[in-house]
Each structure stands twice: as structure tokens, then as C-alpha cells.
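To start, the structure itself, in C-alpha cells.
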Amino acid sequence: MSVLELETVDLRVEERVAWIVLNRPDALNAWTRQLGEDMHAALRHAADDSEVRAIVLTGAGRAFSSGADLKTPPELTDDGKPNVLDRLRDIYNPLLLDVRTVPKPVVAAVNGPAVGIGCSLALAADLVIASKSAYFLLAFVNIGLGVDGGASATLAERVGHARAFEIAFLGERIPAATALEWGLINRVVPDDELPAAASELAGKLASGPPGSYANIKRAINAHAYDQFEAQLDLEAVLQQGRAQSADFMEGVLSFMEKRPPRFTGD
């Protein structure tokens, strides 16, 4: 049953597992300010609920998340330029930081495309299980942006620098099978088996020793992600610079017009 009424996210708790579902299926679960706020509220609720021992992140419909909603008018700075810094600092970054630091196992059940900030969200989870037809795409570079959502840290930790640069620089789809082969994710299952497989995995975690999981996560974070908060802020500052560039404007326009971008370096 749903335990928290939110506009763009469903939260339900079943057998000590909190299911947090991005719920904008008509927009392929694209991110807006509201979705970010709802995701964070759901995650904090699950984190604070003593009955919840494991958390699953997934998407409604045929996508995990298609990334930022480029069809929504952007927030603007005082001089009329796109303002991504405030949204990243105020909403998205605290959410991603909580995914990494909540002392409970977090599983991303990727049921379709995981793109942009949606891909960053999946990679921030502790374990990632994907359907066979799912793919991962850091599409930021395709519209003239850098990466955000902590992907600069999680990518390198998951697959090493060589693969991290390949994924971030080329902006190409990484099919689930390839993601598994590269070590980007943990498991791939047939599409129709994903809900059951995610439930089984989360259920196993929920029946395990919560203190052990909390300590394991804290120790791994101390080694691999001790600068994660600073990295999130660095990404945000760099992304704000890119959001004010002519190449970003061209990237968004080309996306809307469904044509290849013509980047000028401005």
C-alpha cells in the first residue's frame, strides 16, 4: 500500500522493503523539480521508517528515467540564462547524496532506458539489476553538457577510468548485457522477470542484518566516496557554466528538432 501521497512518485512498503517508483510514465519518468522533490521526500521517509530495511528504486511504465525533462521551461538566472545550479544544489544533489549514505541497502531495478540524471540515479544505488532490454546512457555530452548526479564519481568507481571516459565522452547507449560485462551493473534478467527478481533480492537484504549492511556501506563509502558531496558540488558548478553556453542551447534545440547538433565550441 502507498504510505506517502506524492505527485510524481509512488512509495509503498511491502515486507520491510520500500518501493520508490518514478511515476511520470507518459514522459518516460523525465525529471522535473517536482519529481526531484518527491523522490527526496520518499527516500527520506524510507530512511526514517524503522520498519524499512531495504529500498528499491524503479520506474513506472517502459522507462526507468529518460533524464531531465527538456520540454519543461528552464529556471533562469537574474540575467535570463538557464539556472541548473540551484536545482542541483537544492534538490538533486541532496537526493543523490542520501542514496549513497542512507544506512540501508538501495537497489536500482532498471526496467528500461536510464538516461542522463536517471542513469546517475541508478549508478548511485548499491546494487543495480536491469531488464534485458534496458540500457544506460549518459546523454549529457549529446546536448553540450558535462555530467552530474555524481556520475563522475560512480562511473570511475564502477568501471575504472578507461570505461568511464568512454561512457561519458561518447554518449552512447550501453545495453544491459554490455553494462553487466563491463561491471557497471550487477545482474540482468528477462524483462518480465525483473519485478520478481528485484523483489527477491530486496527481500533477501531486508531479512539480513541491518547493522552489518550499514557498516559495510559506511566503510565502502569511506574508501570509494569520501569526497562524493564535494564531487556533486563540483559537477553542479561546472554544469552551470555549460548551461550558459551556446553549445548547450544548440544541443537542446537539436534535440527538440530531432537533428544532429552543430556544436561551435562557444
Side-chain angles (χ1 to χ4, degrees), residues 6-10 20-42 57-96 108 110-124 133-151 167-168 170-174 235-236 238-264 266:
L6 298 167
E7 183 178 333
T8 63
V9 170
D10 285 344
I20 300 176
V21 184
L22 289 76
N23 192 23
R24 298 186 69 221
D26 293 343
L28 299 181
N29 301 319
W31 284 52
T32 60
R33 172 177 281 272
Q34 185 66 55
L35 185 139
E37 291 175 346
D38 288 350
M39 283 290 295
H40 200 195
L57 311 176
T58 194
R62 59 190 179 91
F64 181 75
S65 172
S66 59
D69 191 342
L70 297 180
K71 296 180 180 179
T72 300
E75 298 170 19
L76 301 177
T77 61
D78 291 341
D79 58 358
K81 298 290 184 64
N83 180 4
V84 300
L85 182 63
D86 287 348
R87 186 178 297 190
L88 286 169
R89 278 182 168 169
D90 297 345
I91 303 174
Y92 295 177
N93 286 359
L95 165 62
L96 272 298
V110 180
N111 54 304
V115 180
I117 187 70
C119 183
S120 298
L121 174 66
L123 298 183
S133 66
Y135 65 83
F136 300 80
L137 171 59
L138 280 183
F140 300 103
V141 71
N142 297 334
I143 56 171
L145 291 176
V147 298
D148 59 38
I167 293 168
L170 298 185
E172 297 175 343
R173 294 184 181 188
I174 310 299
E235 290 177 344
L238 295 174
Q239 202 73 302
Q240 179 60 26
R242 293 306 307 149
Q244 297 188 0
S245 70
D247 275 352
F248 174 61
M249 296 296 102
E250 165 61 15
V252 173
L253 185 62
S254 67
F255 174 82
M256 301 299 290
E257 296 177 349
K258 299 181 180 180
R259 60 170 175 79
R262 295 184 288 271
F263 295 129
T264 63
D266 295 330

> Does some side-chain heavy atom of L35 sit less than 4.5 Å from a side-chain heavy atom of M39?
Replying inline: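 A side-chain contact exists here, since the closest heavy-atom pair is under 4.5 Å.
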>> Contact between I167 and F136 at the side-chain level, heavy atoms closer than 4.5 Å - yes or no?
In response: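 With C-beta onward as the side chain, the pair stays apart.
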> Please, which pairs that meet salt bridge (Lys or Arg N to Asp or Glu O under 4.0 Å) have at least one residue in residues 77-88, sequence neighbours excluded?
Replying inline: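 Counting only pairs at least two positions apart or across chains, the salt bridge (Lys or Arg N to Asp or Glu O under 4.0 Å) contacts touching residues 77-88 are E75-R87.
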Show the atom names and distances, to 0.1 Å, of all donor-acceptor pairs under 3.5 Å that link a side chain in residues 137-149 to residues at least two apart or in another chain.
| unit_1 | atom_1 | unit_2 | atom_2 | d |
| --- | --- | --- | --- | --- |
| N142 | ND2 | G171 | O | 3.0 |
| D148 | OD2 | Q239 | NE2 | 2.9 |

Straight-line distance of [X] [atom1] to [Y] [atom2], nearest 0.5 Å:
| X | Y | atom1 | atom2 | result |
| --- | --- | --- | --- | --- |
| E235 | N93 | CD | CG | 7.0 Å |
| E37 | L95 | CD | CG | 11.0 Å |
| I91 | Q34 | CD1 | CD | 8.5 Å |
| L57 | S65 | CG | OG | 11.5 Å |

>> Quick check: closest heavy atoms across A114 and C119, and the distance to 0.1 Å?
In response: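 Closest approach of A114 to C119, heavy atoms only: O-CB, 3.2 Å.
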> What is the minimum heavy-atom distance between S66 and A30, and which atoms define it?
Replying inline: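 Shortest heavy-atom contact: OG-CB, 3.5 Å.
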Donor-acceptor pairs under 3.5 Å, side chain of residues 247-255 to any protein atom, not counting sequence neighbours: which ones?
| unit_1 | atom_1 | unit_2 | atom_2 | d |
| --- | --- | --- | --- | --- |
| D247 | OD1 | T264 | N | 2.8 |
| D247 | OD1 | G265 | N | 3.2 |
| D247 | OD2 | G265 | N | 3.1 |
| E250 | OE1 | R259 | NH2 | 3.2 |
| E250 | OE2 | R259 | NH1 | 2.7 |
| E250 | OE2 | R259 | NH2 | 3.3 |
| E250 | OE2 | R262 | N | 2.8 |
| S254 | OG | E250 | O | 3.1 |
| S254 | OG | G251 | O | 2.8 |

> Between L28, N29, V115, L121, which is the residue that forms a side-chain contact (heavy atoms from CB on, under 4.5 Å) with F64?
Replying inline: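 Exactly one pass, corresponding to L121.
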> Per the side-chain contact (heavy atoms from CB on, under 4.5 Å) rule, which among T58, I20, V21, D38 passes with D10?
Replying inline: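 In the set T58, I20, V21, D38, the residue that makes a side-chain contact (heavy atoms from CB on, under 4.5 Å) with D10 is V21.
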>> Is it the case that the side chain of N111 and the backbone of A134 share a donor-acceptor pair, with hydrogens and angles ignored and the cut-off at 3.5 Å?
In response: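 Checked: no pair found.
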